[in-house]
Amino acid sequence: MSTEFRLPELGENIAKGDLVRVLVSVGDVISKDQSVIELETEKATLEVPSSVGGKVESILVKPGEQVKVGQVILTVSDGAQGAAAPAEEAKPPAMATTEKPKPKTNGAEAAKDTRSARQESAGPEAKAPSAPPQAVGTVEFRLPELGENVEKGDLLKVLVSVGDVISQEQPVLELETEKATLEVPSSVSGRVKQIHVKAGEKVKVGQLIFTLEGAASPGAPSGEGKAATPEKAAATPAPATRREATEALGQSSAEASAATATQQAAAVPSADKKLVPAAPSVRRMARELGVEIAEVPGSGPGGRISVEDVKAYIKGLNTKRREGGLRMGASVPMPDFSRWGAVERESMRAVRRATASHLSHAWVTVPRVTQHDRADITQVDRLRKQHSQKAEAQGGKLTITAIALKVVASALHKFPQFAASIDPEREEIIYKKYRHIGVAVDTDRGLLVPVLRDVDQKNIVELSVELAQMAEKARNRKLAPEDMEGGVFSISNLGGIGGTSFTPIVNWPEVAILGMSRSTLEPVYADGQFQPRLMLPLSLSYDHRLIDGADAARFLRWVAEALEQPFLISFEG
């Protein structure tokens, strides 16, 4: 018996990743919770443990591929854990309908398996061509597929009760998924014998919802009492498909046969004229709003389109319009560079894709201004060298960035709008009372920004140790997604590389970022003579919607003076 291991959920809003390494081989015996692949997502690189145990039978992916949540990664034989076995192997035929059916790629295949399982549950007589469809007796209704990458939902309401007689296509559940709230129709008919779920629970695709007795086989077209042969039953589309095709064609008669509806749907010649599953009211709404219904992704069973789907589609169009329709900055087709010479193409890594997308959004969203200044760090650099051994003894490195963290945390208390965010939808400013600060780290995969927590509550030595640890984790691909979340302000130090100044991009939804360039020894005129002073270039980019230029100049000057006179932190900070 083979069991599949599928890529599990990786975290909030993480639907895919780049496969870096496969950690097992065909023939290996693996245990549950053993790491089997190394995956790089937009937020982190992580090892993914197996949810099944057994002997690796096949590996269906290879390094360099992009894999999605729910995708089959490998199969094992004699698996101790994992997905439910096929019904006919798990139990005798008479009990087959109590097993969870293996998920299918579309509603029609899932419905076909469900019909087969119900035929088996009724015994050999139910399979006979001459047996009436009512002979199936007790049948089960399981939660059907709800849409691409939608595996579960919150049960808001059960719309039927024990003893109710229901028909196919009748809504029986109200369910809330990540994408929409929808009513789920029944694929079977009969009298409700037992309800296995209740409002407030989370239910998954394939989960048993209720059982019915005296039920009619869903393999026969609605309204027909004639027996259906196995061949005809297999050719009949799933109930949801019947309903969708009927509504898509605008037919009002409930007795229209499924086969006819399917043939009419298949006869449509072009993709832009295709029939899509949506209620007449949803179609009318789309027409009134000028939306082509065929372009709207559906989140309901079989891709059924709801009012919420239309609204989400329009919202997405508006967002793209505001951003110039850009995701990574490409607005026109790329030329064929090979016309002028040899080229090589390389897929963007997950971190680079995330960086490109995030910075494109930040560039379009934030009206950015950059303020420049310089700080005389001669004295603070002397103190840094004097106390560096204390930090090294604790595993850190006393850098100007560690000192700047403490200075910036104090500046944010004096200028709280620099730790705020703008909520344009509500027309509100969100002032954050915590002082978590991100520090940009250069890695071989691209720029990562780990966040140090509660910077205002730690001394400089503690910050130097934590900063060194975070930078090491970033370079060794050990950062977790939560390590890069929750920042209120960012610092980017390019001094170790060079440059005299730059204009850092605000790390949205933050409203400001401090850039630091390489410090240089310069002659500065003071007390009637030129003196050698170590000068540090500072660049502050800020969101001009919230921060005025005068406030930005004051903030940056305060930071510069705090670096020049460290006692200012305790005096004003």
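These values consider heavy atoms only, across backbone and side chains, with no hydrogens, waters or symmetry-generated copies.
- A search for side-chain hydrogen bond (donor to acceptor under 3.5 Å, both in side chains) contacts involving S35 returns E47, not counting sequence neighbours.
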Report, one line per pair, each donor and acceptor closer than 3.5 Å where one atom sits in a side chain of residues 491-500; sequence neighbours left out.
{"from": "N493", "atom 1": "OD1", "to": "G495", "atom 2": "N", "distance (Å)": "2.8"}
{"from": "N493", "atom 1": "ND2", "to": "T401", "atom 2": "OG1", "distance (Å)": "2.8"}

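- Every residue meeting the side-chain hydrogen bond (donor to acceptor under 3.5 Å, both in side chains) condition with S541, not counting sequence neighbours, appears here in chain and number order: T370.
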What's the verdict on side-chain contact (heavy atoms from CB on, under 4.5 Å) for R6 and E151, showing C-alpha distance, side-chain angles and the deciding distance?
CA-CA 13 Å; R6 295 175 179 267; E151 298 179 353; over 6 Å; no
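- Screening residues 471-499 for ring-ring contact (aromatic ring centres under 6.0 Å, His included), with sequence neighbours left out, gives F489-F555.
- With respect to V506, the side-chain contact (heavy atoms from CB on, under 4.5 Å) criterion is satisfied by exactly one of I513, V369, T365, I547: I513.
- In terms of heavy atoms, K397 sits closest to S464 at O-CB, 3.4 Å.
- For S421, the side-chain hydrogen bond (donor to acceptor under 3.5 Å, both in side chains) partners two or more places apart in sequence, or in a different chain, are K432.
- M470 contributes atom CE, which lies 5.5 Å from atom CG of L452 (distance to the nearest 0.5 angstrom).
- Every ring pair (Phe, Tyr, Trp, His ring centres under 6.0 Å) that H544 has, sequence neighbours left out, goes to Y542.
- Considering only residues two or more places apart in sequence or on other chains, R545 meets the salt bridge (charged side-chain N to carboxylate O under 4.0 Å, His left out) condition with D543.
- Between the CZ atom of R435 and the CD1 atom of I437 there is a distance of 8.5 Å, given to the nearest 0.5 Å.
- Shown here are the ring pair (Phe, Tyr, Trp, His ring centres under 6.0 Å) partners of Y434, two or more places apart in sequence or in another chain: H436.
- E65 meets the salt bridge (charged side-chain N to carboxylate O under 4.0 Å, His left out) test with no other residue; sequence neighbours excluded.
- Nearest heavy atom pair, residue V26 against residue E57, reads CG1-O, 3.6 Å.
- Under the salt bridge (charged side-chain N to carboxylate O under 4.0 Å, His left out) criterion, R384 pairs with D381, sequence neighbours left out.
- Applying the salt bridge (charged side-chain N to carboxylate O under 4.0 Å, His left out) test to D551 and every residue at least two apart in sequence or in another chain returns R554.
- Here the CG atom belonging to L46 is positioned 10.0 Å from the CD atom belonging to E40, to the nearest 0.5 angstrom.
- Checking S490 against E510 by side-chain atom types alone, a donor-acceptor pair falls below 3.5 Å.
- The ring-ring contact (aromatic ring centres under 6.0 Å, His included) pairs that include a residue from residues 496-522 are H361-W508, where partners are two or more places apart or lie in different chains.
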